[in-house]
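Below is one structure, written out as structure tokens; the observations come after it.
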Amino acid sequence: MTKIKIEKKYRTAINDLIIYLKNSKFLTDEKVESALQNIPRHEFVPESELEYAYDNEPLPIMKNQTISQPGVVTRMTEWLDIKNGQNILEIGTGSGWQSAILSYLVGSGTIYSIERHPELAKFAQENLKKLKIDNVHVILGDGTLGYSQASPYDRIIITAACTEIPLPLLDQLSENGLIIAPVGGSSQSLVLLQKTPKEIVEIKNQSKYVFVPLVGKFGKK
Ligand code: SAH
């Protein structure tokens, strides 16, 4: 990835956000901190939201959807423990910011990211192009079905709330792979699961998150 130049006012805002996220323990990993420094969130928000790009808040994008809150993105990314060269599936591309962060951490690996709204798939593709990111494939479709063509995946991340994890996604996860998702009703728990040769094991679980719903065949109808 080519290094992009970041204006001083945004650089200061990014540094302030990083201090906040570290103090509130949403950010503890140096590699994820470096991703945050190098993948500027303001390139992924609509122009009307630019002044809030470095607030620790979700922001409206299009189609009643949101770009996730920075603290939630850093926590999910840390839990996923991304390694260079991995094959990753994301459900819910939205703005493309989370995809770009994964792309930075995965180095020579690849991200497949599925979005159901054509307008958002296009928005994300344009945002990723601005940063010259070429290892993220944005796919238009129902992410609850996964994307078997490029499976198995070392990591799967669902960035929308589901009542249960769609079965096709568990099928497409590699052995010892990790999957993270917000699971629940109006308030969700962030759940990190590992697929072992015998069973699915819960590694982490933390309550009180709020995401937009996962809609689709194996999601909300
Ligand atoms: N990761 C995004 C967060 C977007 S919010 C970001 O960093 O900006 C969740 C996204 O999931 C929304 O864009 C919504 O349209 C999408 N979504 C919901 N159900 C989906 C499904 N079944 N398949 C694909 N995308 C879905």
Side-chain angles (χ1 to χ4, degrees), residues 1 4 35 39-50 52-53 57-70 72-73 76-77 80 86-106 109-153 155-173 179-183 188 209-221:
M1 206 179 96
I4 66 148
I39 308 293
R41 192 175 188 242
H42 69 268
E43 300 285 4
F44 294 84
V45 304
E47 225 174 293
S48 57
E49 305 297 326
L50 267 180
Y52 313 112
E57 297 293 340
L59 298 172
I61 38 180
M62 267 170 263
K63 295 280 158 191
N64 266 333
Q65 306 300 319
T66 52
I67 174 172
S68 303
Q69 194 178 345
V72 173
V73 169
M76 288 179 95
T77 308
L80 270 181
Q86 285 183 327
N87 193 36
I88 302 188
L89 178 67
E90 179 187 28
I91 314 304
T93 320
S95 67
W97 187 51
Q98 170 79 73
S99 332
I101 287 185
L102 295 171
S103 138
Y104 179 88
L105 292 168
V106 91
T110 310
I111 319 296
Y112 293 86
S113 184
I114 312 181
E115 173 54 54
R116 63 188 283 268
H117 286 297
E119 295 87 340
L120 286 171
K122 186 164 171 270
F123 178 57
Q125 277 165 330
E126 285 167 0
N127 295 338
L128 293 161
K129 206 170 162 192
K130 282 190 284 184
L131 301 198
K132 301 194 168 51
I133 291 172
D134 57 10
N135 61 344
V136 176
H137 302 281
V138 177
I139 295 144
L140 184 63
D142 177 2
T144 68
L145 303 173
Y147 187 66
S148 60
Q149 291 92 318
S151 68
Y153 299 99
R155 302 287 186 264
I156 300 180
I157 174 170
I158 307 179
T159 69
C162 43
T163 40
E164 51 191 72
I165 300 203
L167 280 179
L169 300 182
L170 293 175
D171 285 343
Q172 293 171 28
L173 186 62
I179 179 165
I180 192 166
V183 181
Q188 303 99 43
Y209 286 84
V210 179
F211 283 74
V212 294
L214 181 74
V215 179
K217 185 163 179 210
F218 293 90
K220 207 174 149 206
K221 298 288 181 295

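This one's a predicted model, so the numbers in the text were calculated from it and none came from an experiment.
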Run the side-chain contact (heavy atoms from CB on, under 4.5 Å) check on Thr93 and Ile139 step by step: do they pass? CA-CA 9 Å; Thr93 320; Ile139 295 144; over 6 Å; no
Counting distance only, does the side-chain N/O of Glu115 pair as donor-acceptor with the main-chain N or O of Ala121 below 3.5 Å? no
Can a salt bridge be assigned to the pair Glu126 and Lys122 using a cut-off of 4.0 Å between side-chain N and carboxylate O? yes
Between Lys220 and Gly216, is there a donor-acceptor pair closer than 3.5 Å when you use the side chain of the first and the backbone of the second? no
Side-chain donor/acceptor of Ser113 to backbone N/O of Ile91, under 3.5 Å: no
Checking side-chain contact (heavy atoms from CB on, under 4.5 Å) for the pair Asn64/Val212: CA distance, chi angles, key distance, verdict? CA-CA 9 Å; Asn64 266 333; Val212 294; over 6 Å; no
Rounded to the nearest 0.5 Å, how far does CD1 of Ile179 lie from CD1 of Ile156? 4.5 Å
Return yes if some donor-acceptor pair links the side-chain N/O of Asn127 with the main-chain N/O of Ser95 below 3.5 Å, else return no. yes
Could you go through the side-chain contact (heavy atoms from CB on, under 4.5 Å) check for Val138 and Leu140 one step at a time? CA-CA 7 Å; Val138 177; Leu140 184 63; over 6 Å; no
Take Phe44 and Leu131, measure what side-chain contact (heavy atoms from CB on, under 4.5 Å) needs, and give me the verdict at the end. CA-CA 10 Å; Phe44 294 84; Leu131 301 198; 3.7 Å; yes
Between Ile61 and Pro46, is any pair of side-chain heavy atoms under 4.5 Å apart? yes
Would you say Gln86's side chain and Arg155's backbone share a donor-acceptor pair under 3.5 angstrom? no
Keeping Gln172 on the side-chain end and Leu145 on the backbone end, is there a donor-acceptor pair under 3.5 Å? yes
Which pair of heavy atoms, one from Ala161 and one from Phe211, lies closest together, and at what distance? N-CB, 3.6 Å
Is there a side-chain contact between Leu169 and Phe218 (heavy atoms, below 4.5 Å)? no
Can you tell me how far CD1 of Ile114 sits from OG of Ser99, rounded to the nearest 0.5 angstrom? 11.0 Å
In the structure I gave you, are the side-chain heavy atoms of Pro60 and Glu49 within less than 4.5 Å of one another anywhere? yes
How long is the gap from CG on Asp171 to OH on Tyr153, to the nearest 0.5 Å? 12.5 Å
Ignoring hydrogens and geometry, is there a side-chain-to-backbone donor-acceptor pair from Tyr52 to Val45 under 3.5 Å? no
Within-4.5 Å side-chain heavy-atom neighbours: Leu89 and Leu173: no
Counting only heavy atoms not in Glu47, do more than 12 fall under 6.0 Å of its CD? no
Non-hydrogen atoms of Val106 and Ile111 that approach each other most closely: CG1-CD1, 3.8 Å
Where is the tightest heavy-atom contact between Asn135 and Gly109, given as atom of each residue plus distance? ND2-O, 3.2 Å
Between Cys162 and Ala181, what is the shortest heavy-atom contact and its length? SG-CB, 4.2 Å
Counting C-beta onward and ignoring hydrogens, is there a side-chain heavy-atom pair between His117 and Met62 closer than 4.5 Å? no
Separation between CD1 of Ile101 and CE of Met76, rounded to the nearest 0.5 Å: 12.0 Å
Separation between CH2 of Trp97 and CG of Leu59, rounded to the nearest 0.5 Å: 9.5 Å
So for atom CD, which belongs to Glu119, do other residues, nucleotides or ligands contribute more than 12 heavy atoms lying within a distance under 6.0 Å? yes
Measure across Val136 and Ser103 and return the closest heavy-atom pair with its distance rounded to 0.1 Å. CG2-CB, 3.6 Å
Report the distance from atom CG of Leu102 to atom OG1 of Thr110, rounding to the nearest 0.5 Å. 12.0 Å
Can you check whether Arg41 reaches Pro70 side chain to side chain, under 4.5 Å on heavy atoms? yes
Does any N or O in the side chain of Thr159 come within less than 3.5 Å of the main-chain N or O of Gly92, such that one atom is a donor and the other an acceptor? yes
Does some side-chain heavy atom of Asn87 sit less than 4.5 Å from a side-chain heavy atom of Tyr112? yes
